[in-house]
Asker: 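Sharing a structure here in C-alpha cells format.
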Amino acid sequence: MELDFKSLALKWQKNWTDTQAYKVEIQPGKPKYYVLDMFPYPSGAGLHVGHPLGYIASDIVARYKRMNGFNVLHPMGYDSFGLPAEQYAIQTGQHPAKTTEQNVKRYREQMDQLGFSFDWSRSVQTSDPGYYKWTQWIFKRFFNAYYDTKLLKARDISDLISQFESEGNVNVEAYTEYNEFFTATDWKAFSASDKENILQHYRLAYLSDVWVNWCPTLGTVLANDEVVNGTSVRGGHPVEQKKMRQWSMRIKAYAERLLEGLNNIDWSDSIKDQQKNWIGKSEGALISFEMAEANLPAIQVFSTRPDTIFGVSFLVLAPENPIVEILTPPECKASVLQYQKEVSLKSERERLTEIKNQTGVFTGAYVIHPFSKEKVPVWIGDYVLANYGTGAVMAVPAGDQRDYDFAMKFNLPIPSIFENCDLTQGAVVDKKAILCNASFLDGLTYAEATPKVLDALEKIGQGIRKINYRLRDAVFSRQRYWGEPFPVYYDLEIPRLVEDRDLPVELPKIDAFLPTEEGEPPLARAQKTDWNVHLGDRMEFNTMPGWAGSSWYFLRYLDPKCEEGLASKESMDYWKNVDLYIGGNEHATGHLLYARFWTKFLCDLGIVPFDEPFKKLINQGMILGRSSYVYRLKAKNTFVSHGLKEAHECFPVHVDIALVENDLLNLEGFKNWLPEYKNAEFILEPNGTYVCGYEVEKMSKSKFNVQTPDELVEKYGADTLRMYEMFLGPIEQSKPWDIKGITGVHGFLKKFWRLYHSNGVFGLSEETPTSEEWRVLHKTIKKVREDIDRFSLNTVVSSMMIAVNELTDLKCNKKQILTDLNLLLAPYAPYITAEIWEKIAGKNTLINDAKFPEFDESYLVESTFSYPISFNGKMRFTVELDLSLDIKEIEKLILNMEETKKWLDGKVPKKMIIVPGRIVNVVI
RNA sequence: GCGGAUGUGGUGAAAUUGGUAGACACGCUAGACUUAGGAUCUAGUGCCGAGAGGUAUGCGGGUUCGAGUCCCUCCAUCCGCACCA
C-alpha cells in the first residue's frame, strides 16, 4: 500500500474527534505542562504559512511532553474583538459578530487539517459575552483598587477610604500623582463628586483628561504601542495628540515590579531589553528651583546628573507645561503664546522629524540657583517633553549635548565645569570627567559627587533622590463598537460600577457602527432598551481596547466554563502559569507587558496563585515570502528568462508563485493567468525552460507570494508541512519561505513508510535486531530527546532522516527497532505515526499516550574510535584505534605510522597533544 | 545616537562543553530502472588545482597545541527604542 496521506488525515481527524483524544482534565498527582500559543485575531484572509510555524512547534512540544508522562494543557482560542471586523461592518453593515464567526470557522478548519492536539473543549473567544463578563469583572477589581507603596501591592480602595475618613491623606502611602493634602474633616465635608474625583487619582483604573493618540481615520484613540512614527500600526493612518477624558490603567504603579520580574523569567534578552527600555527606569534627583519673583511656585526639574548642578546656565520647560502661564511676566506673554501656538500646530510626526532643529523662546522669568544663588533664566523649548519627568530640565550645556546645542543656538552661556575639557566641539558626557568651578564638588567625578550633592540638596530642602520611569499609564478606552463594554454607568457624571450579579453588560444593538453626530462613540446610539443592563443617567459609551481580553485569556483556559470566577481555585492551583509560550515578538511591549501587569495585580488580590503569566517565552521568527519575477521587455508582451535578462532591456514583474515551481515558469498557466498575458511570448533558456528570478519580501497579496498551508496540505499532507516548517531552520530565526525543499521532507516520509511496508504490504519482523540497528536507534533517541528539550526542532528532522537512511541501508524491518522509531516521529508527524501505531499495537490504544522511547547508553558503547590526526592543528588523516589505549600507547602507535612520517618530513615533533577518544595533534 | 540579533557552499542550514567545518535537505552533474515521471535507486558536488596539495565560516588582529565557537577593532543586514533630562 502506497502512502495515502489524504485518507489517513480524514481517518485520524475523525478518530481524534470521536475519542476526544485531546481533552484533558486535572489529574492530581500527575505533573502538568502548560503549552500556549498566542491566540490569533481571526482575519478574513485565513492563516498563511507563517501562522502555523509557532503552532507546529508548540504542538510538537505538547505531544512530546504528553508522551513523557505529563498532563499537557494545550488550548487555542480567538482574540476576536478588533478593528478589521468593525471596519468591514462600517462598509457593509454586516454585524462584526457575523464576520467573526465565519472567520473563526475558517481558522478552525485550517488548524484541524494540520493535526494539532488542541483541547478545543476549552476554546475561548474574547467577544463571547460569557468570556467578556470576566474581563468586565477584572476591570471592576482594578477600579476598586489602589497601590500601596509600602506593602508594594494592590489593595482594596475601601482601605484607603477608611484611612481618609480617619486621618486624611497626609500619611497615606499610595501610588498617585495627586499632591494636595486634606484632613479627615476635609474629607467628610467633600461632596460625593469631589470625593470621587480624588479617588480617581488613586484607583488603578481611572478616568482623567489625558493627552492621547487620536486617530481621526479610525475614529478612536490608540495606545503608545499601537502608534509607530506618528501613524497607526493598523492601517498606517495619521495620529494626532488630543486631550480627552479617558479611562486609563495605572500601570506606572507596577513599573518597578514589572522590571524586577524580568529577572525570574526565561525570555529572550531582546524581549526583556525591549520591556526594560519601554519601562525606562532612571535614577536621579528631583530638584526645585525657587523663582526669583516672590509668590511664585518653585520649578521642579528631574535630573540624572545632579552632580553637574554648578554648570546650570538656564532652565528649559516644555511649551505645554501649565506652569509657563503662571511664571511668564506680561512683557513676554505675547512671544510665549505665539511660540506655544506654533508648537501645538505641529503634529507628533513633524516634531519627530525635526528632531535636530531645536526651537525655543525666553519666558522672561528667572529662578535662583540653589547653591550659587545666581539668577538663572527660564526658557521654553520643544526639546523638553511635557510628559516625561516634570516637563522641565535644568540645562547644563557643558554636560549635555542637547543643552549644549540649545545654548549655541540661542547664544546662552556655556560655563565650564570639567577639568581640562574642550567645549568648542560639544558637551562632555564622560562620567569620569573631573568637576571644577563647582564649589564643594571640585575634584570629584560623577560617582563621587552625586551622593554628596544629593545630601546637600536634601539638607537645604531643595532636592530629593528620585527614580523616574518612562512608562506611561495605559489608556484603556476606545471609541469603537466591537470591544468589551465597560461595566460602568454614570450618575450625574460620577462613574459607578454595575453589580457583579448583573454582568455581563452586553454590547447593545445599534443602527450603524459609526460615531454619533455629536462625535460620541457608537454605543451612544443605543437606546435605553437596547442595553441588557441600563443604570443611572447613562451607560459608559467607550469600549475596552484590544489588549483587555488578551491580558488574561491564559487563565480562562484553565477552567473555561467556570461560573464562580475567572477559573476555579482548584484549576489554578493545578495548572498554574504557562510553562511554554510561543508567539511573535511584535507583542514585546504591548500584550506581553499588559498580561504581566494584570497577572501581578490579580496575584496581589489573591485571585491567582502566581505573579508571572509566562515562565518561558519563545519568539518564533517571521516567515518571509519568496516572490517570483518574470522580466518583461520594454513596451512588449515578451518575457525573457532570468539567465538571459542582462542581454535585453527589460524590467521585473511579479508573477504568482502558484505558476512557478523550482523557479521554472508554467508558460501555459502564465498566459491564462491574466488577460493581458494571453498572447505573451517568451525568450527561453537554451534548454527550453523559462527561469524566474526571485526576491525575499514580506508576504502580501500584491506581491503574489502568499502561501497558504491549504494548498501544501492538499499536495503533500499535513505531516510533510509540519516537518518542513520545522526543517527550515531554528524556530526563533526569521526565514524566507521557499517550498523548494519540501519534496525532500515528503520523500523522507515516504521512505519512512517504506521501512514498514514491503511490496505495499505492512509487515515487521520479530527477529532480534543487530547491534548496529540498536546503535542507530539509540543514537537517534538521544539526539531527538536532547534537541526537543532545548527547542532545537529543526535538527530533530535531520536526525530522523539520518536514522531512516541508515536503517534503510541496513534493510531493517525489525519490530523492536521500528516501533520505537515510529514513536520518535510521533510529535512531528501525528497522522502517519498514528496509522503505523495502529498496525503495530492495535485499535485499542492511541500513540498519543504511548511512552516516548528512553535512551540506553549501553547500546552506544564503542571499543574503537576513528582518531583524526592533526599536524599543527590541520587534520591530515584518521586512524581507527582501540579506546582502551592510553596516551603513551597512542603516541607510540601514531609516531610509527608511515603516514605520520610523511607529514613529519624528517622533523622531530615538539609536542604531542592527545585527548583520548577525541583527537591527536602533532606539533612540529 | 542607544540597545538587541544575525553574518558559514548556488540555496535552507548543521557543528550542544574550543577538538575531523559544511551533517541533513534542496538544487545541480552523470548514470540505472521506467510508456512516462514532480516516482525510485546509484555516484559526484565549498572554492582553486590535472595532481600532490593549497585555501575557506563578513574584514583585520589576539589568546591557544588547536578558534565558526573565546577576546579586541571594524564592516554589513535586520529588529526595537530614540530630543527620556
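Chain letters run A, B, ... following the sequence lines, proteins first and then strands; every chain starts at 1.
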Asker: For Trp379(A) and Phe406(A), I'd like to know if the aromatic rings sit close, meaning centre-to-centre distance below 6.0 Å.
Answerer: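 Yes.
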
Asker: For rG61(B) and rA67(B), measure between their P atoms and round to the nearest Å.
Answerer: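 To the nearest whole Å, 14 Å.
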
Asker: Output yes when at least one side-chain N/O atom of Arg876(A) is less than 4.0 Å from OP1 or OP2 of rG54(B), else no.
Answerer: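 Yes, Arg876(A) has a side-chain N/O under 4.0 Å of OP1/OP2 on rG54(B).
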
Asker: Under a 3.5 Å distance rule, please check whether Lys281(A) uses its side chain to pair with a backbone N or O of Ile279(A) as donor and acceptor.
Answerer: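 Checked: no pair found.
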
Asker: Closest approach to the side chain of Phe727(A), judged atom by atom: which nucleotide of rC84(B), rA25(B), rG19(B) is it?
Answerer: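 Per side-chain heavy atoms of Phe727(A), the pick is rA25(B).
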
Asker: So Phe855(A) and His778(A), would you call those rings parallel, tilted or perpendicular, with 30° and 60° as cut-offs?
Answerer: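 Answer is tilted, since the angle falls between 30° and 60°.
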
Asker: What about Asn921(A): does its side chain form a donor-acceptor pair under 3.5 Å with the base of rC65(B)?
Answerer: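 For Asn921(A), whose side chain was compared with the base of rC65(B), there is a donor-acceptor pair (under 3.5 Å).
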
Asker: By the 4.0 Å heavy-atom rule, please label Trp737(A) as base, sugar-phosphate, or nothing.
Answerer: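 No contact.
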
Asker: In this structure, are over 12 heavy atoms from other groups packed under 6.0 Å from Met408(A) atom CE?
Answerer: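 Counting neighbours around CE of Met408(A), 12 or fewer heavy atoms of other residues, nucleotides or ligands fall under 6.0 Å, so no.
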
Asker: Would one find a side-chain N or O of Arg754(A) under 4.0 angstrom from OP1 or OP2 of rC41(B)?
Answerer: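 Yes.
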
Asker: Between the main-chain N or O of Ile924(A) and the side-chain N or O of Asn872(A), is there a donor-acceptor pair closer than 3.5 Å?
Answerer: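 Present.
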
Asker: With a 4.0 Å cut-off on N to O distance, would you call Glu711(A) and Lys715(A) a salt bridge?
Answerer: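 No salt bridge links Glu711(A) with Lys715(A).
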
Asker: Atom pairs under 3.5 Å, N or O on each side, protein against nucleotides 5-11 of chain B: can you list them with distances?
Answerer:
none

Asker: In dot-bracket form, how is RNA chain B paired, counting a Watson-Crick or G-U wobble pair only if both its distances are under 3.5 Å and using | for bases paired to another strand?
Answerer: (((((((..(((......[....)))((((((.......))))))(((....)))..(.(((..]....))).))))))))....

Asker: Roughly, in whole Å, what's the span from CG in Leu593(A) to P in rG80(B)?
Answerer: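 Distance check: Leu593(A) CG to rG80(B) P gives 17 Å.
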
Asker: Do Tyr716(A) and Tyr724(A) have ring centroids that are under 6.0 Å from one another?
Answerer: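 Between Tyr716(A) and Tyr724(A), which both carry aromatic rings, the centre distance is not below 6.0 Å.
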
Asker: Just how far is it from atom CD of Gln275(A) to atom CG of Asp273(A), taken to the nearest 0.5 Å?
Answerer: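 Going from CD on Gln275(A) over to CG on Asp273(A), the span is 10.5 Å.
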
Asker: Taking the side chain from Arg876(A) and the backbone from Phe871(A), do they hold a donor-acceptor pair closer than 3.5 Å?
Answerer: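 Side chain of Arg876(A) to backbone of Phe871(A): no pair is present.
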
Asker: Considering only rU16(B), rC81(B), rG12(B), which nucleotide approaches the side chain of Lys783(A) most closely?
Answerer: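 In terms of side-chain proximity for Lys783(A), the closest of rU16(B), rC81(B), rG12(B) is rU16(B).
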
Asker: Students often get this wrong, so: under 4.0 angstrom with heavy atoms, is Asp403(A) touching a base, only sugar-phosphate, or nothing?
Answerer: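 Contact class for Asp403(A): none.
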
